[in-house]
Number of protein chains: 2
Amino acid sequence: MTGTRPFKHALDRLQQAGLRPTRQRLALARLLFDKVDRHITAEQLHAEAVDAEVQVSLATVYNTLHQFTDAGLLREVVVEAGRSYFDTNTSDHHHFFFEGNGNLQDIPGESVTVAHFPAAPAGTRVARVDVIIRLAPEEA
Amino acid sequence: MTGTRPFKHALDRLQQAGLRPTRQRLALARLLFDKVDRHITAEQLHAEAVDAEVQVSLATVYNTLHQFTDAGLLREVVVEAGRSYFDTNTSDHHHFFFEGNGNLQDIPGESVTVAHFPAAPAGTRVARVDVIIRLAPEEA
DNA sequence: AATTAATTTAGAAATATTCTAAAATGTTTT
DNA sequence: AAAACATTTTAGAATATTTCTAAATTAATT
Ligand SMILES: [Mn+2]
Ligand SMILES: [Mn+2]
Ligand SMILES: [Zn+2]
Ligand SMILES: [Zn+2]
């Protein structure tokens, strides 16, 4: 019976995160996690939900994306002013960013070495290291 | 005679960038470049200008920051949604970002090594490599 | 079924940034 | 130095993203 596994998968994620499995969260989790990894904005996800005839407000999409992020199910990626991407790939990795079209592409964590940087200042710890390789169209 | 050198310095920058030395640009250039390197937002710079009794609109501050950036006099740094910093340090360097208070601190380019990353996809060239080391308050 | 707690929502608000077109200023030509 | 021309500045509106508020709904527990 096709169609139940995706629900199961999304349900597992919510339980793992300690979040109540509401209709909206289940639907958003399915949209987010039942496909290949991706980088999506709140508005894009809301549009996808509307498109899939899931009734959910934009406020709830924002709330849910932040809850998922806090729970470690998503990662927020900021590369441009006034636009936040939410990344379904939560493994240690980095990004190519195409300045032309705003696309993001993953770079596996193992394939970048960040070495020699100074120790974190006293009273702080390194929460994350982000490497963004900004790409421009090749000149003619 | 103190007070003329700063004008000369700012004037040089504008000429180097091929920008007309208007009252507003000169004043903003002095505020930006006649002190130690820093990371400043458009609103902060506008507030400083108002404070220094320089009459300039917020729109002009944005225009000028972008012109300076395009001319290579500034660098835009994006680390948080809905907030752009302009960096008077245009040398090749990276950043510590304190998630607690939104502060940025430079890391000299030579003290970070980014190695082994994949080649830029066909049709693109690497415009810049940004390394952001995100710091959180040390846990108790 | 009643109680309690968590969630969703519409709409307003806050924030950041860009746009528009008119006024002002700077530059070049005569 | 006036006239002509080009650039810049500006107020205010517009756009865009994100957050907030408080009321309505839904879920979980008793
Ligand atoms: Mn968006
Ligand atoms: Mn700001
Ligand atoms: Zn990613
Ligand atoms: Zn810097």
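In the text below, chain A, chain B and the rest are named by the order of the sequence lines, each starting its count at 1.
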(request) With rounding to the nearest 0.5 Å, note down the distance linking CD in E76(B) to OG in S84(B). (result) 3.5 Å
(message) Without decimals, in angstroms, what is the distance between Y85(B) OH and dT17(C) P?
(response) 11 Å
(request) For the side chain of V56(A), starting at C-beta, report the closest nucleotide among dA16(C), dT9(C), dT9(D). (result) dT9(C)
(request) Without swapping roles, check the side chain of R23(B) against the backbone of Q55(B) for a donor-acceptor pair under 3.5 Å. (result) yes
(message) Without decimals, in angstroms, what is the distance between Y62(B) OH and dA16(C) P?
(response) 7 Å
(request) Give the stems involving DNA chain C, where a stem is 3 or more consecutive Watson-Crick or G-U wobble pairs (i with j, i+1 with j-1, and so on) under 3.5 Å. (result) C:1-30 with D:1-30
(message) How many whole angstroms separate atom CD of Q44(B) from atom C1' of dT15(C)?
(response) 14 Å
(request) Under 4.0 Å from any atom of DNA chain D, heavy atoms only: list the residues of residues 65-80 of chain A that qualify, in numerical order. (result) H66(A)
(message) Treating R25(B) as the side-chain partner and R20(B) as the backbone partner, does any N or O pair qualify as donor plus acceptor under 3.5 Å?
(response) yes
(message) Side chains of H95(A) and D87(A): any donor to acceptor distance under 3.5 Å?
(response) yes
(message) Under the rule for side-chain contact (heavy atoms from CB on, under 4.5 Å), what residues qualify as partners of V50(A), not counting sequence neighbours?
(response) H46(A)
(request) Assess the side chains of H39(B) and D106(B): does a donor N or O sit below 3.5 Å from an acceptor N or O? (result) yes
(request) Figure out the CG/C1' separation between L19(B) and dT9(D), and round it to whole Å. (result) 14 Å
(request) Decide whether H94(A) and D130(A) meet the rule of one side-chain donor and one side-chain acceptor closer than 3.5 Å. (result) no
(message) Distance check needed: dT17(C) C1' versus L58(B) CG, whole Å only.
(response) 9 Å
(request) Can you figure out which of dT17(C), dT17(D), dA10(C) approaches the side chain of E43(A) most closely? (result) dT17(D)
(request) Check whether any side-chain heavy atom of D12(B) lies under 4.5 Å from a side-chain heavy atom of Q16(B), and answer yes or no. (result) no
(request) Summarise how protein sits on nucleotides 20-30 of chain D as a single string, 5' to 3': B when a protein heavy atom is under 4.0 Å from the base, S for sugar-phosphate-only contact, - for no contact. (result) B------BS--
(message) Restricting to side-chain contact (heavy atoms from CB on, under 4.5 Å), what partner residues turn up for E48(A), sequence neighbours left out?
(response) L31(A), K35(A), R38(A), I40(A)
(request) Show your reasoning for whether salt bridge (Lys or Arg N to Asp or Glu O under 4.0 Å) applies to R125(A) and E138(B). (result) CA-CA 5 Å; R125(A) 65 183 174 78; E138(B) 198 155 36; over 6 Å; no
(request) Establish, with yes or no, whether the OP1 or OP2 oxygen of dT9(C) is under 4.0 angstrom from a side-chain nitrogen or oxygen of Q24(A). (result) yes
(message) Check this one for me: any side-chain N or O of R83(B) less than 4.0 Å away from OP1 or OP2 of dT15(C)?
(response) no
(request) Could you check how far CG of L45(B) sits from C1' of dT17(C), rounded to whole Å? (result) 15 Å
(request) Would you mind reading off the distance between H46(A) atom NE2 and dT19(D) atom P, rounded to a whole angstrom? (result) 16 Å
(message) Can a side-chain donor-acceptor contact be found between Q24(B) and T60(B) if the only test is distance below 3.5 angstrom?
(response) no
(message) Taking only side-chain N and O atoms of T60(B), does any of them lie within less than 4.0 angstrom of OP1 or OP2 on dT9(D)?
(response) no
(message) Between P on dT10(D) and CZ on R25(B), what's the gap in Å once rounded to a whole number?
(response) 11 Å
(message) With a 4.0 Å limit, can you tell me whether S84(A) has a side-chain N or O closer than that to the phosphate oxygens OP1/OP2 of dT17(D)?
(response) no
(message) Other members of the hydrophobic cluster containing I107(A), with the 4.5 Å side-chain heavy-atom rule, please.
(response) F96(A), F98(A), V112(A), V114(A), F117(A), V126(A), V129(A), V131(A), I133(A), L135(A), F96(B), F98(B), I107(B), V112(B), V114(B), F117(B), V126(B), V129(B), V131(B), I133(B), L135(B)
